[in-house]
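Within every chain, numbering begins at 1; the chains are lettered A, B, ... in the order of the sequence lines, protein sequences first and strands thereafter.
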There are 2 protein chains.
Amino acid sequence: MNLKQLSEKLGLSQTTVSRALNGYPEVNEETRRRVVEAARQHDYRPNARAKGLATGRAMAIGHVIPISAKFEIVNPIFADFIAGAGESYSKAGYDMLISVVRNDDEERVYRDMKSKGNVDGVIVHSPRLNDSRIGHLHEIGLPFLVHGRSSGCDIGYSWIDVNNRRAFERAARFLLDLGHRRIALLNGPEMMDFAIRRRAGFENALREAGIEPDPALMHSAEMTEGFGHRAAAEALALPEPPTAFLVASILIAIGVRRAIEESRLTMGRDISVVTYDDDLSYLRNGDDIPIFTAVRSSVREAGRLAAEMLISAIADPSLPHLDRLLEAELTVGQSTGPVPVRS
Amino acid sequence: MNLKQLSEKLGLSQTTVSRALNGYPEVNEETRRRVVEAARQHDYRPNARAKGLATGRAMAIGHVIPISAKFEIVNPIFADFIAGAGESYSKAGYDMLISVVRNDDEERVYRDMKSKGNVDGVIVHSPRLNDSRIGHLHEIGLPFLVHGRSSGCDIGYSWIDVNNRRAFERAARFLLDLGHRRIALLNGPEMMDFAIRRRAGFENALREAGIEPDPALMHSAEMTEGFGHRAAAEALALPEPPTAFLVASILIAIGVRRAIEESRLTMGRDISVVTYDDDLSYLRNGDDIPIFTAVRSSVREAGRLAAEMLISAIADPSLPHLDRLLEAELTVGQSTGPVPVRS
DNA sequence: GACGATTCTCAAAGCGCTTTGGCAGATCGA
DNA sequence: TCGATCTGCCAAAGCGCTTTGAGAATCGTC
C-alpha cells in the first residue's frame with residue numbers, strides 16, 4: 001500500500017493525504033480523521049527511502065563502532081550504550097545504523113555515510129587523544145556527537161562524557177583515606193581519552209597525598225578479565241606488592257579478584273579493590289549489596305542522552321555545541337577495607 | 001556531487017555514467033575508465049536513498065534486539081554477534097539497522113520495517129519455543145534468518161544454530177565420566193529455545209547414566225553473574241550439595257566461582273564447573289590455559305555466517321531454506337576434576 | 001450581490017538514481 | 001554497395017514521497 005493507492009481509495013489527491021498524515025494545518029479536520037483512519041486500517045506507512053529522498057533527511061543516525069585491530073575486541077559497553085540510544089531513537093522515529101569497522105577505516109566510513117546520505121548524523125565512539133575524526137567530521141559537514149571527549153582537540157564539538165578525572169580522583173582518595181599507600185592502577189588503553197583522564201585523576205590524588213605514582217604499579221591494556229588477572233598476579237608477586245587496586249572496569253576487577261584468590265588472599269581484607277562500573281545490565285555489581293566498591297555511571301543512560309542531544313542538534317543546526325558532563329557516584333561495597341597491618 | 005553533475009562534467013549522459021559505474025557491458029572500456037576515474041576523483045558515491053528507490057532494494061539488513069522487559073537486560077552476546085555480522089555486511093555492501101525493542105513490540109517493528117521498506121531482510125534473535133515471530137514474518141513476506149531455532153514451529157525457515165543439545169550432552173557426560181553424580185544445571189531462561197535444548201541434552205546424558213535429574217538442582221534465569229552466584233550459593237548450602245555445575249554462560253560460571261570461593265572451597269578440586277562459552281572477545285576463557293572447562297562455539301563466527309546466509313537468500317529468493325548447525329567443541333580447563341572422596 | 005479573504009484541495013515538479021526503448025554510426029557479410 | 005547486426009550512447013519514464021503554486025469552493029462583509 002503506497003500513497004497513491006491510499007489516496008485513490010479515499011478519493012483524494014496524494015497531496016491532501018500526505019498533508020493530513022503529516023499534520024499540516026490546511027486540511028479539514030474531518031478529512032484528516034478519515035485519512036488517518038484509512039491509513040491505520042490499511043497499515044500504511046510511508047516508504048522511508050522515498051520520504052528521505054523528498055525531504056533530504058534520512059531519519060537515521062550512524063554509529064561507527066571500532067574494533068581494536070590488534071585484539072579484535074568489541075568493547076562490551078557498546079551493547080548497553082546502543083540499547084540506551086536505541087530507546088531515544090525509537091521515541092523520536094529515528095533508525096540506528098551500525099558499522100563495525102577496523103580502527104583505521106573509520107574516516108572512510110564517515111565519508112561514505114555523508115555521500116551516500118543514509119544518515120543525518122553520527123555518534124563518535126571511543127575518542128582518542130587529539131582524535132583526527134573530529135576535525136574530519138567537521139570538514140565533511142556531518143553532524144556528530146562524541147561519546148567522550150578528545151583532549152588536545154581545539155575545534156568546538158558536541159559531546160557527552162563522564163567526569164573520569166574526578167571519578168578516579170575520588171576513588172583514589174577513598175583508598176588513601178583507608179590508609180593505602182601502594183595502590184596499583186589497572187587502566188584502559190591509554191591512547192583512549194577516558195583512560196588518560198582517569199590516570200590524571202589517579203595521579204593527582206596520590207600527589208596531593210604526597211605520594212609519587214609508581215610506574216611499576218600502573219598498567220594499561222584492553223579491559224578484559226584476562227588483563228586484570230595477569231596484571232594483578234604480577235603485582236602481587238612483587239617484593240613490595242600493592243595493598244589496593246584501582247581498576248577501569250568490572251571485567252578487570254573480576255580478573256583481579258581471581259588473582260587475589262589464587263594468592264590465597266581475601267579481597268576486602270588483605271587487598272582492596274575499587275573499580276569503575278559502567279552499570280552494564282548483564283554485569284551488575286552484585287544484586288543487592290555491591291560486590292565491588294565502585295565509581296559508577298550508567299553507560300546506558302549516557303546512550304539515551306547522547307541520542308537525544310544529537311537529535312536536537314540535527315533538528316536545529318543553529319544551536320551552539322551541546323555538551324554534558326556526568327558525575328560518577330561512589331558506592332562502597334565489600335571489596336575495600338583499611339590497609340592491613342604488616343605481619 | 002551527484003550523478004547529474006558528474007555526467008555534465010564528463011559530457012556524458014546520466015545513463016552512460018550510471019552504467020559505466022555499475023559494470024554494465026554496453027559501455028566502451030575507455031569511457032568506463034574515464035568515468036570511474038572522475039568518480040574517484042570527485043569522491044562520488046550514489047545516494048543510497050535514491051538508489052534504493054530506483055532499485056527497490058534497501059541494501060540494509062535489520063536486527064531486532066529484544067530487551068527482557070522484566071530485567072532490562074541486553075544479552076551481551078549481541079555485541080559479538082553484531083560484530084561478526086557487521087563484517088559480512090560491509091564486505092557485501094550492506095548496512096545494518098538495529099532496533100532495540102521491548103519483547104512485546106517486536107512484531108510491530110517487523111511490520112514497520114517491511115512497510116517502510118528500509119531493510120531487505122531481518123535477523124531474528126533469541127527465538128523462543130514455538131516463536132510466533134516466524135509465522136508472522138512469513139506472512140508479511142520479509143526475508144529473514146533465525147539465529148537459533150524454534151521448536152514446535154512447523155513452518156520452514158532459514159536458521160543458523162549451535163547444536164545445543166549435543167553440547168550439553170557432551171558436557172554432562174564429561175562430568176559423569178569424572179564420577180560426578182549430583183550435577184547442578186544453571187540454565188538460561190527456559191522460554192528460550194536454546195535453553196530448552198540444552199536442558200534436554202543435560203537430562204538425556206543423566207538418564208543414559210541411570211540418574212534421574214533432580215529438579216532441586218536445576219535453575220533457569222537470565223544469564224548473569226548474580227544468578228550464578230546466588231544459585232550456586234544456595235545449591236552449596238543444600239544438605240546434599242552438588243559436586244559439579246553445568247552452566248550456560250561464562251558470566252554464570254564467574255558467579256559460581258565466586259560462590260565456591262566464598263564457601264572456602266576450591267574450584268576444580270572440591271567442585272567442578274563446566275560452562276558454555278560463546279567465545280566473547282572481551283570475556284575470553286583465559287588467555288592461554290582455559291580457566292573453565294567449556295563447550296565453546298564462537299557467536300561472532302555465527303554472526304558472520306548468519307549475515308552471509310541471509311544475504312545470499314535475499315539475492316536469490318528462489319533458493320530453498322538455508323540452515324547450518326554448528327558444533328560446539330569441548331576444551332578441558334582447570335575447573336574440573338574427579339569427584340572428591342567423601343570426607 | 002459582488003468582492004476579497006479564507007479554507008480546502010489538487011496537479012505537477014522535483015528529490016537522485018536505474019532502466020527501458022531507441023537511435024545514430026560503425027562493422028560485417030553477401 | 002546495400003541491408004543487417006553490433007556497439008556505444010542517450011532521452012525519458014518511473015521509483016514513492018513532499019511541497020510549491022494555484023485553483024475551486026465557501027464564507028463574511030459592505
Side-chain angles (χ1 to χ4, degrees), chain A residues 1-36 38-39 42-60 93-95 112-120 315, chain B residues 1-36 38-39 42-60 93-95 112-120 315:
Chain A
M1 170 70 51
N2 60 22
L3 186 61
K4 192 170 171 190
Q5 291 163 14
L6 185 65
S7 58
E8 275 166 7
K9 194 147 283 182
L10 280 160
L12 292 170
S13 75
Q14 295 191 37
T15 312
T16 305
V17 176
S18 171
R19 312 213 103 144
L21 256 25
N22 289 318
Y24 280 72
E26 57 271 78
V27 49
N28 191 320
E29 271 315 314
E30 165 58 21
T31 312
R32 187 194 307 278
R33 233 195 20 72
R34 262 180 65 219
V35 171
V36 168
H42 293 90
D43 205 37
Y44 166 77
R45 227 144 331 207
N47 180 293
R49 289 191 302 274
K51 187 163 182 161
L53 191 54
T55 58
R57 323 192 59 218
M59 291 308 281
Y94 273 78
D95 289 328
D112 277 15
M113 282 182 165
K114 170 71 178 182
S115 49
K116 281 173 56 179
N118 51 5
V119 300
D120 296 320
Chain B
M1 171 70 50
N2 59 24
L3 185 61
K4 193 170 171 192
Q5 291 162 14
L6 184 66
S7 58
E8 275 166 9
K9 193 148 280 181
L10 280 160
L12 291 169
S13 75
Q14 296 190 37
T15 311
T16 305
V17 176
S18 171
R19 310 212 105 143
L21 256 24
N22 290 316
Y24 281 72
E26 55 273 78
V27 49
N28 191 321
E29 272 315 315
E30 165 59 19
T31 311
R32 188 193 307 277
R33 231 193 24 69
R34 262 180 63 220
V35 171
V36 168
H42 293 89
D43 204 37
Y44 167 77
R45 228 145 330 207
N47 179 293
R49 288 191 302 273
K51 187 164 184 162
L53 191 55
T55 58
R57 321 192 61 217
M59 292 308 280
Y94 273 79
D95 289 328
D112 277 15
M113 282 180 164
K114 171 69 177 182
S115 48
K116 282 173 53 180
N118 51 4
V119 301
D120 296 321

What is the separation between atom CZ on A:Arg45 and atom P on D:dC17, rounded to the nearest whole Å?
12 Å
Let me know the distance between NZ of A:Lys116 and P of C:dC15, rounded to the nearest Å.
22 Å
If only side-chain N and O atoms of B:Lys51 are considered, is one of them under 4.0 Å from the OP1 or OP2 phosphate oxygen of C:dT18?
yes
On DNA chain D, more 5' by nearest nucleotide between B:Thr15 and B:Ala50 is B:Thr15
Minimum-distance nucleotide (side-chain atoms of A:Ser18 versus C:dC15, D:dT19, D:dC9):
D:dT19
State the CG-CE distance between B:Asp43 and B:Met1, to the nearest 0.5 angstrom.
9.5 Å
Can a side-chain donor-acceptor contact be found between B:Arg57 and B:Tyr94 if the only test is distance below 3.5 angstrom?
yes
Just how far is it from atom CG of B:Leu6 to atom OG of B:Ser18, taken to the nearest 0.5 Å?
10.5 Å
Which ones in residues 22-34 of chain B lie close to DNA chain C, meaning a heavy atom under 4.0 Å from one of its atoms?
B:Asn22, B:Tyr24
Among all residues two or more places apart in sequence or in another chain, which pass the side chain to side chain donor-acceptor pair (under 3.5 Å) test with B:Asn28?
none
Could you tell me the separation between the CG atom of A:Leu53 and the C1' atom of C:dC15, rounded to a whole number of Å?
4 Å
Within the structure shown, what part of the strands sits under 4.0 Å from A:Thr55 by heavy-atom distance: base, sugar-phosphate, or nothing?
sugar-phosphate
Could you verify whether a donor N or O on one side chain and an acceptor N or O on the other, from A:Thr16 and A:Ser13, lie under 3.5 Å apart?
yes
Supply the atom-to-atom distance A:Asn47 CG to A:Asn2 CG, rounded to the nearest 0.5 angstrom.
8.5 Å
Using 0.5 Å steps for rounding, measure from the CD atom of B:Gln14 to the NZ atom of B:Lys4.
7.0 Å
Selection from C:dA11, D:dC17, C:dT18 that lies nearest to any side-chain heavy atom of B:Ala54
C:dT18
Please compare B:Arg19 and B:Asn47 by the position of their nearest nucleotide in DNA chain C and report the one closer to 5'.
B:Asn47
Using modelled atom types and a 3.5 Å cut-off, is there a donor and acceptor pairing between side-chain atoms of A:Arg34 and backbone atoms of A:Leu10?
yes
When rounded to whole Å, the CZ to P distance for the pair B:Arg49 and C:dT18 reads 14 Å
Rounded to whole Å, the CD-C1' distance (A:Gln14 to C:dA13) equals 12 Å
Starting at atom CG of A:Leu6, determine the distance to atom P of D:dT18, rounded to an integer number of angstrom.
11 Å
Degree of bending in the helix from C:dG1-D:dC30 to C:dA30-D:dT1 once both end axes are built from five pairs, to 10°:
50°
D:dG16 phosphate, OP1 or OP2: any side-chain N/O from A:Tyr44 under 4.0 angstrom?
no
Atom CZ of A:Arg45 and atom NZ of A:Lys51: how far apart are they, to the nearest 0.5 Å?
11.5 Å
So, does A:Thr16 get its side chain near the phosphate of C:dC10, meaning an N or O under 4.0 Å from OP1 or OP2?
yes
Using only atom types and a distance under 3.5 Å, with no angle test, would you say the side chain of A:Asp120 pairs donor to acceptor with the backbone of A:Met59?
yes
In whole angstroms, how far is the C1' atom of C:dG16 from the CZ atom of A:Arg57?
18 Å
Length of the line joining B:Leu10:CG and D:dC10:P, which is rounded to integer Å:
10 Å
